[in-house]
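Written below as structure tokens is the structure these notes are about.
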Amino acid sequence: MSGSRKKDGGGRARRDTVSLDIAARPRRNRKSPSVRALAAETRLLAENLIYPLFVHGGSADEDIKSMPGKKRLGADGLMREVEMSVNAGVTAFILFPVVEDSKKSPDAREAGNPRGLIPETARALKKQFPDATLITDVALDPYSSDGHDGIVSSSGEILNDVTVEALCGQALAHAEAGADIVSPSDMMDGRVGAIRETLDENGHTGTSILSYTAKYASCFYGPFRGALDSAPKAGDKKTYQMNPANVREALRELALDEAEGADIVMVKPAGYYLDVVSAFRESTDLPVAAYQVSGEYLMIKSAAAVGGISERDAVMESLLAITRAGADMIATYFAPEAANFLRRFET
Ligand code: PBG
């Protein structure tokens with residue numbers, strides 16, 4: 001190094017003329033906002049965001065304690081939230097139902113009710129916003145008195161095949177109500193193929209399937225379960241959701257979902273599973289989605305609330321990182337906020 005310095009008579013480097021003999025100076029590509037934008041490898045776009053929304057069938061909006069700033073929406077509140085988001089550039093939505101206890105049962109039969117909360121909400125939304133993309137969640141937990149995504153046997157086992165049958169009925173009810181994409185989040189084996197067959201047999205060949213392909217048994221769903229009041233009454237979800245230790249198993253699920261006809265494959269959660277997102281990106285030509293879940297939302301909100309980080313910067317950095325890892329689309333509770341930040345974002 002010292003040999004490359006310009007020296008004065010005494011052999012000591014003069015600070016103002018010190019110059020390394022290096023041709024490559026990566027900092028040149030970071031020298032101004034405009035140059036940084038030219039050289040950016042990853043771009044975040046509002047149109048790649050999906051906004052998850054909670055509906056409860058009542059008229060008033062209700063605050064969600066576990067998710068500050070988010071609400072269980074009433075009918076009018078939902079339309080307002082969708083309109084606000086569409087104006088911000090977010091046009092894809094995923095709906096989750098808050099189901100009253102009297103409609104929950106061990107067989108979760110309300111899930112397949114063609115006149116249930118989600119089908120009715122889907123009809124109303126598609127009527128008012130025909131160009132928006134409506135995604136519905138296919139899983140039994142909001143309707144299950146056991147709080148599980150599947151039907152529970154008398155011995156406490158989560159039954160796979162009878163659950164898949166119920167999921168097919170649920171997906172069909174959603175497709176008939178106009179859902180553009182149905183999204184199984186239950187992690188039962190064989191459900192993507194069975195849902196595809198049911199939809200096709202009933203003339204819904206155009207309804208897409210966004211599969212929660214690698215959904216991990218994560219503590220970061222806690223705030224969501226608070227929002228829906230859907231936590232398991234007994235046990236946990238580890239016999240169907242994946243072990244956070246595994247990535248090869250995620251690729252096995254990916255191969256199965258591709259073979260069964262999934263249109264989009266999702267990794268969930270997102271931020272702690274970026275290696276899985278990038279493994280998906282390398283292994284499939286299908287679009288890859290990632291879900292920044294309720295716990296990831298709450299961590300950013302909480303850290304910002306105590307002044308530890310800038311909410312705006314944390315939202316943008318986390319979404320950029322998920323995109324960089326290989327996600328084509330991201331489900332995030334920050335969708336409209338991020339879309340608004342994007343209008344003035346400098347990397
Ligand atoms: C239920 C479902 C869950 C989420 C989406 N669909 C919760 C769970 O599996 O327990 C979590 C979403 C979030 O935490 O934001 N099938």
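Throughout, numbering of the chain's residues begins at 1 and tracks the sequence.
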- Task: Using the side-chain contact (heavy atoms from CB on, under 4.5 Å) rule, take Arg191 and Tyr212 through it: C-alpha gap first, then chi angles, then the decisive distance, then the call.
- Result: CA-CA 11 Å; Arg191 92 280 207 209; Tyr212 286 67; 4.0 Å; yes
- Task: Walk me through it: do Arg80 and Glu83 pass the test side-chain contact (heavy atoms from CB on, under 4.5 Å)?
- Result: CA-CA 5 Å; Arg80 273 198 303 275; Glu83 180 159 26; 5.7 Å; no
- Item | Electrostatic pair Asp180-Lys126, nearest N-O below 4.0 angstrom | yes
- Query: Between the side chains of Ser34 and Ser32, does any donor sit under 3.5 Å from an acceptor?
  - Reply: no
- Message: Is it true that, when you exclude Asn243 itself, more than 12 heavy atoms of the residues, nucleotides or ligands shown sit nearer than 6.0 Å to its CG?
- Response: yes
- Query: Are any of the side-chain heavy atoms of Asp101 and Lys104 separated by less than 4.5 Å?
  - Reply: yes
- Task: Please report the C-alpha distance between Asp146 and Lys233 in whole Å, then the side-chain angles of each, then the deciding distance to 0.1 Å, and finally whether the salt bridge (charged side-chain N to carboxylate O under 4.0 Å, His left out) criterion is met.
- Result: CA-CA 5 Å; Asp146 297 303; Lys233 299 282 182 293; over 6 Å; no
- Message: Test your reading of the model: is there a side-chain donor-acceptor pair from Arg324 to the backbone of Thr42, 3.5 Å cut-off?
- Response: no
- Does Glu176 CD have over 12 foreign heavy atoms under 6.0 Å away? yes
- Task: Output, in order, the C-alpha distance, side-chain angles, deciding distance and verdict of side-chain contact (heavy atoms from CB on, under 4.5 Å) for Val55 and Leu117.
- Result: CA-CA 8 Å; Val55 294; Leu117 175 57; 4.2 Å; yes
- Glu47 side chain to Thr91 side chain, donor-acceptor N/O pair below 3.5 angstrom: no
- For Arg252 and Glu249, run salt bridge (charged side-chain N to carboxylate O under 4.0 Å, His left out): C-alpha distance rounded to whole Å, both residues' side-chain angles, the deciding distance at 0.1 Å, then the answer. CA-CA 5 Å; Arg252 186 173 181 218; Glu249 188 182 354; over 6 Å; no
- Item | cation_pi(Lys237, Tyr240) dist<6.0 Å, angle<=45 | no
- Would the Phe93 and Phe129 ring centres measure less than 6.0 Å apart? no
- For Asp257 and Ser211, test the side chains for any donor-to-acceptor distance below 3.5 angstrom and give the result as yes or no. yes
- Would you check if there is a donor-acceptor pair between the side chains of Asp137 and Ser183 at a distance under 3.5 Å? no
- Message: Quick one: does any side-chain atom of Gln128 pair with a main-chain N or O of Met79 as donor and acceptor, under 3.5 Å?
- Response: no
- Under the 3.5 angstrom rule, does the side chain of His148 hit a backbone N or O of Ala234 as a donor-acceptor pair? yes
- Applying salt bridge (Lys or Arg N to Asp or Glu O under 4.0 Å) between Glu337 and each of Lys70, Arg312, Lys301, report the one that passes. Lys70
- Output yes when a side-chain donor or acceptor of Asp186 lies under 3.5 Å from a complementary backbone atom of Met188, and no otherwise. yes
- Message: Tell me whether Arg43 at atom CZ has more than 12 heavy atoms from other residues, nucleotides or ligands lying less than 6.0 Å away.
- Response: yes
- Task: Kindly indicate whether the side chain of Asp149, heavy atoms from C-beta on, has any atom under 4.5 Å from the side chain of Leu140.
- Result: no
- Is the charged tip of Lys268 near the ring of Tyr221: under 6.0 Å from the six-membered ring centre and within 45° of its axis? yes
- Steps toward side-chain hydrogen bond (donor to acceptor under 3.5 Å, both in side chains) verdict (Glu81, Tyr51): CA-CA 10 Å; Glu81 192 74 4; Tyr51 189 22; 2.5 Å; yes
- Message: Heavy-atom count check: over 12 atoms from other residues, nucleotides or ligands less than 6.0 Å from Lys31 NZ?
- Response: no
- Do Thr205 and Asp200 meet the criterion of a side-chain donor-acceptor pair at a distance under 3.5 Å? no
- Within a strict 4.5 Å, meaning less than it, do heavy atoms of the Arg115 and Pro119 side chains meet? no
- If you count the non-hydrogen atoms of other residues, nucleotides and ligands that lie under 6.0 Å from NZ in Lys103, is the total more than 12? no
- Ser318 side chain reached by Gln292 side chain, heavy atoms, under 4.5 Å: yes
- Return yes if some donor-acceptor pair links the side-chain N/O of Ser208 with the main-chain N/O of Ile181 below 3.5 Å, else return no. no
- Verify side-chain contact (heavy atoms from CB on, under 4.5 Å) between Leu256 and Val192, making sure each step is shown before the conclusion. CA-CA 9 Å; Leu256 288 167; Val192 169; over 6 Å; no
- Are any non-hydrogen side-chain atoms of Val265 and Pro287 less than 4.5 angstrom apart? no
- Does the side chain of Phe224 reach to within under 4.5 Å of the side chain of Phe54, using non-hydrogen atoms? yes
- Task: Answer whether the closest heavy-atom distance between the side chains of His56 and Leu73 falls below 4.5 Å.
- Result: no
- Between Ser218 and Gln241, a side-chain donor and acceptor under 3.5 Å: no
- Does atom CZ of Arg25 have more than 12 heavy-atom neighbours, drawn from other residues, nucleotides or ligands, at distances under 6.0 Å? yes
- Heavy-atom side-chain contact between Gln170 and Val138 under 4.5 Å: yes
- Item | Check: Ile151 main-chain N/O paired with Thr163 side-chain donor or acceptor under 3.5 Å | yes
- Task: Mark yes when over 12 heavy atoms from residues, nucleotides or ligands other than Arg281 sit less than 6.0 Å from its CZ; otherwise mark no.
- Result: yes
- Query: Does anything in residues 247-273 pair up under ring pair (Phe, Tyr, Trp, His ring centres under 6.0 Å), and if so which pairs, sequence neighbours excluded?
  - Reply: Tyr216-Tyr273, Phe220-Tyr272
- For the pair Phe334 and Tyr297, name the ring-plane relationship: parallel under 30°, tilted 30 to 60°, perpendicular over 60°. tilted
